[in-house]
Amino acid sequence: MNVLLLSMPDYFEHMPPVAVRMPNGALTSIAGNVDEHHRVAVADLILSHGRVRETINQLFHEFDPEVVGLSVMTFQRRTAQHIVELARALKPGVKIVAGGYDPSLAPEAYEEMGIDFIVRGEGEATFRELLRALENGAGFENIGGLSHREAGQWVHNPARRPHRLEEDDIRLPKRGARVLKGYTLMGRQVDVIETSRGCTYDCSFCSIIQMRGRNFHTYSYDRVLDDIRDARDHGAKTLFLVDDNIMLNVRRFEGLCQAIIDAGLNKLDYFVQAMTSSIANHGETLAPLMRRAGFRYVFLGIENILESDLQFLRAAAKNTARENGSNTGNATLKAIELLHRNKMYVVGGLIVGSPGDTRESIEANLAFARRHVDWPYIQHPTPYPGTPMTEQFRERGLITNERLEEYDGTTAVVRTEHLSAEEIEYLRWKAERWMKLRHMPAAFRHDPWFVVRRSLDMLAHTFRGCTLRSVLGLEDNRKAFARYKEIRRGERAYV
Ligand code: B12
Ligand code: SF4
């Protein structure tokens, strides 16, 4: 069968396509795990910015798909709806399948969208079995994790249990199925790899537990090294590790760093997401090893520097430093110091706008970011379907915006007990632009050619809405913020 797999073009503030266009790891993994006779094309629509409609038209023309699969996050739901309408118009009989976090956690929202199937949870085995059933004209009732229609009614088959990656035969992603070009992270070709799936924490803002329960499964080192080589052979110079929480088993991660070094794969640049506690508690040995393995940027899930907010976010445990078995307080500063000492950059993941937040508590977090992190990645709590945090915000009547296309993490859609959503976002927006600017010299040292060519575009993106007068302080910043919000609204019309 001809199968076309699409990821959505929607992006958010910290990942503008002018500098960041990353592949979707789910789709190549799905492509690598269907039966081999199928002809699969993967198109990451982030690569076709400004011409999404034309690209889909062309892909239908070239591949004549019998099945189209969409990978969707919540803030991309509206775009997914538009793409479903376009696909139906181009080929009314095509089978449309939705998968990923949003269809898995809010399947009811997809029932009226004009699609045929929903794949809930991990998709490799479910999608493979779905194609077999379509091909053989068999029934769908025994396919775990699949939602389908019987006599006009949606039927949600029982969930499939998470893959045990150690035992299951999940084959390598099929990068050769990608049909669009232009992946980049600040000018270097980027790819994604996975080494594990799952997490055993339960941060209240995160969707992972509702998606797959609390568990952690790992691929073997050999499989990971093969995956890295495959990404490199497809041209990648930078690799982003998309594991949910790679730091859950620090010993294993250390072993992996060593395996990367031993295999001579440490000439690539690596980006990873990490817990502050793992770095603080093991960093003396772990951080030098990471640097030798090629790690360059570490996204730290700091979440918040205030204990009360960490309690609300249920993220205190993963941010606690320990010495000789005793808690010694917040791990953040120690983790940052260890990473800096080993010449790695810190992407500071912070969340501001929890229910108890005041102007002062938000400013304290922004001041911390200004002082200690190299690249800010500051977000607002966002009530994604099914998370414990969503329930709390709803019960307290703090959700002020139900337009899901704005649930991108940098648009404040909830208020606190003390501040409006608009004010929270304004505080972040005002501070964050300047923090990003400060990282330009470091980016220049690493990728001078890219920065020379694209710095004006990046500046224009970071400061959109601003004028010379607002930058010089001759105009109220709120006017520039209002213009920024207007521009951002326009950007969301992707299809
Ligand atoms: C890595 C990652 C990123 C990377 C993305 C790199 C990339 N291009 O892939 C970065 C850092 C850039 C990122 C950014 C964002 N992310 Co993110 N990210 C993740 C993370 C950690 C892992 C996702 C992943 O790749 N997993 C590996 C793949 C193989 O698994 P998977 O995606 O789940 O796919 C499987 C199934 O879902 C299913 N499936 C998926 N798609 C499809 C499609 C079909 C047709 C089928 C059949 C099956 C299927 O099958 C796959 C294989 O089993 C998750 C989860 C987490 N613990 O936080 C969050 C997560 C997906 N991100 C999330 C969000 C909100 C964002 C942001 C909007 C804001 C943010 N928090 O940073 C931005 C938006 C990005 C953008 N487009 O601009 C949310 C989504 C919540 C929701 N309900 O939509 C998550 C769940 C985190 C959370 N807050 O809970 N993210
Ligand atoms: S530690 Fe990370 S992956 Fe695990 S629940 Fe918290 S935010 Fe989600």
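Treat the numbers as computed from the prediction; the structure is a model and nothing was measured. Each ligand, and each atom within it, is numbered from 1 in the order the structure gives. Residues take their numbers from the sequence shown, with the count starting at 1.
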message = Distance to the ring centre below 6.0 angstrom and angle to the axis at most 45 degrees; does that hold for R178 and Y183?
response =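 Satisfied, under 6.0 Å and within 45°.
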task = Start with the C-alpha distance between E135 and R132, add both sets of side-chain angles, then the distance that settles salt bridge (charged side-chain N to carboxylate O under 4.0 Å, His left out), and finish with yes or no.
result = CA-CA 5 Å; E135 203 168 35; R132 282 179 192 160; over 6 Å; no
Which is closest to [atom] by heavy-atom distance: [options]?
atom                    : options               : value
atom 55 (C) of ligand 1 : N245, V20, D244       : D244
atom 21 (C) of ligand 1 : Q273, M389, R21, E124 : Q273
atom 43 (C) of ligand 1 : I170, L70, V68, L130  : L70
atom 13 (C) of ligand 1 : F12, F299, F117, Y377 : Y377

Protein residue, atom and distance nearest to [atom], heavy-atom basis:
atom                    : result
atom 22 (C) of ligand 1 : V242 O, 3.4 Å
atom 36 (C) of ligand 1 : G121 O, 3.4 Å
atom 69 (C) of ligand 1 : Q379 OE1, 3.5 Å
atom 3 (S) of ligand 2  : D244 O, 3.5 Å
atom 8 (Fe) of ligand 2 : C206 SG, 2.5 Å
atom 5 (S) of ligand 2  : C203 N, 3.5 Å
atom 2 (Fe) of ligand 2 : K318 NZ, 4.1 Å
atom 39 (N) of ligand 1 : G100 N, 3.4 Å
atom 33 (O) of ligand 1 : Y101 CE1, 3.4 Å
atom 32 (O) of ligand 1 : A26 CB, 3.9 Å
atom 11 (C) of ligand 1 : F240 CZ, 3.6 Å

request  = Using modelled atom types only, decide if a donor and an acceptor are shared between the side chain of D44 and the backbone of P23 within a distance under 3.5 Å.
outcome  =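 Here the side-chain-to-backbone pair does not exist.
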Where ligand 1 meets [X] - atom numbers and elements under 4.0 angstrom, heavy-atom basis:
X    : answer
M211 : 37 (O)
M73  : 16 (N), 62 (N), 63 (C), 64 (C), 66 (C), 80 (C), 84 (O)
F127 : 47 (C)
I30  : 46 (C), 48 (C), 50 (O)
E122 : 50 (O), 53 (O)
M15  : 12 (C), 78 (O)
L27  : 43 (C)
D408 : 68 (C), 69 (C)

Using a strict threshold of under 4.0 Å (side-chain N to carboxylate O), is an ion pair present between [Y] and [X]?
X    : Y    : answer
D227 : R175 : yes
K91  : D64  : yes
D191 : R229 : no
R160 : E122 : no
D269 : K237 : no
E124 : R197 : yes
E13  : R428 : no
R88  : E85  : no

Test of proximity, [X] against ligand 1: N or O pairs below 3.5 Å:
X    : result
Y11  : no
E194 : no
D102 : no
P385 : no
T74  : yes
S207 : yes

Side chain, backbone, both or neither: [X] near ligand 1, heavy atoms under 4.0 Å:
X    : result
F75  : side chain
V119 : side chain
R197 : side chain
C206 : both
P23  : backbone

Sub-4.0 Å heavy-atom approach of [X] to ligand 1:
X    : value
M8   : no
T387 : no
H163 : no

query = Would R488 and E425 count as a salt bridge (charged side-chain N to carboxylate O under 4.0 Å, His left out) if you check the C-alpha gap in whole Å, the side-chain angles of each, and the deciding distance to 0.1 Å?
reply = CA-CA 13 Å; R488 185 76 191 103; E425 187 178 331; over 6 Å; no
Distance-only donor-acceptor check, side chains T184 and R454, under 3.5 Å =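 There is no such pair (donor and acceptor under 3.5 Å, judged by atom type) between the side chains of T184 and R454.
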Stepwise side chain to side chain donor-acceptor pair (under 3.5 Å) check, D102 with Y110 = CA-CA 9 Å; D102 195 45; Y110 286 73; 2.6 Å; yes
ask   = Quick one: are the ring centres of F127 and H38 less than 6.0 Å apart?
value =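 No, the ring of F127 stays outside the 6.0 Å limit from the ring of H38, centre to centre.
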Plane angle bin for F240 and F271 - parallel if under 30°, tilted between 30 and 60°, otherwise perpendicular =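 Rings of F271 and F240: tilted, as their planes differ by 30° to 60°.
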request  = Go through ligand 2 atom by atom and flag the ones less than 4.0 Å from a non-hydrogen atom of C199.
outcome  =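 Answer, ordered by atom number: 1 (S), 3 (S), 4 (Fe), 5 (S).
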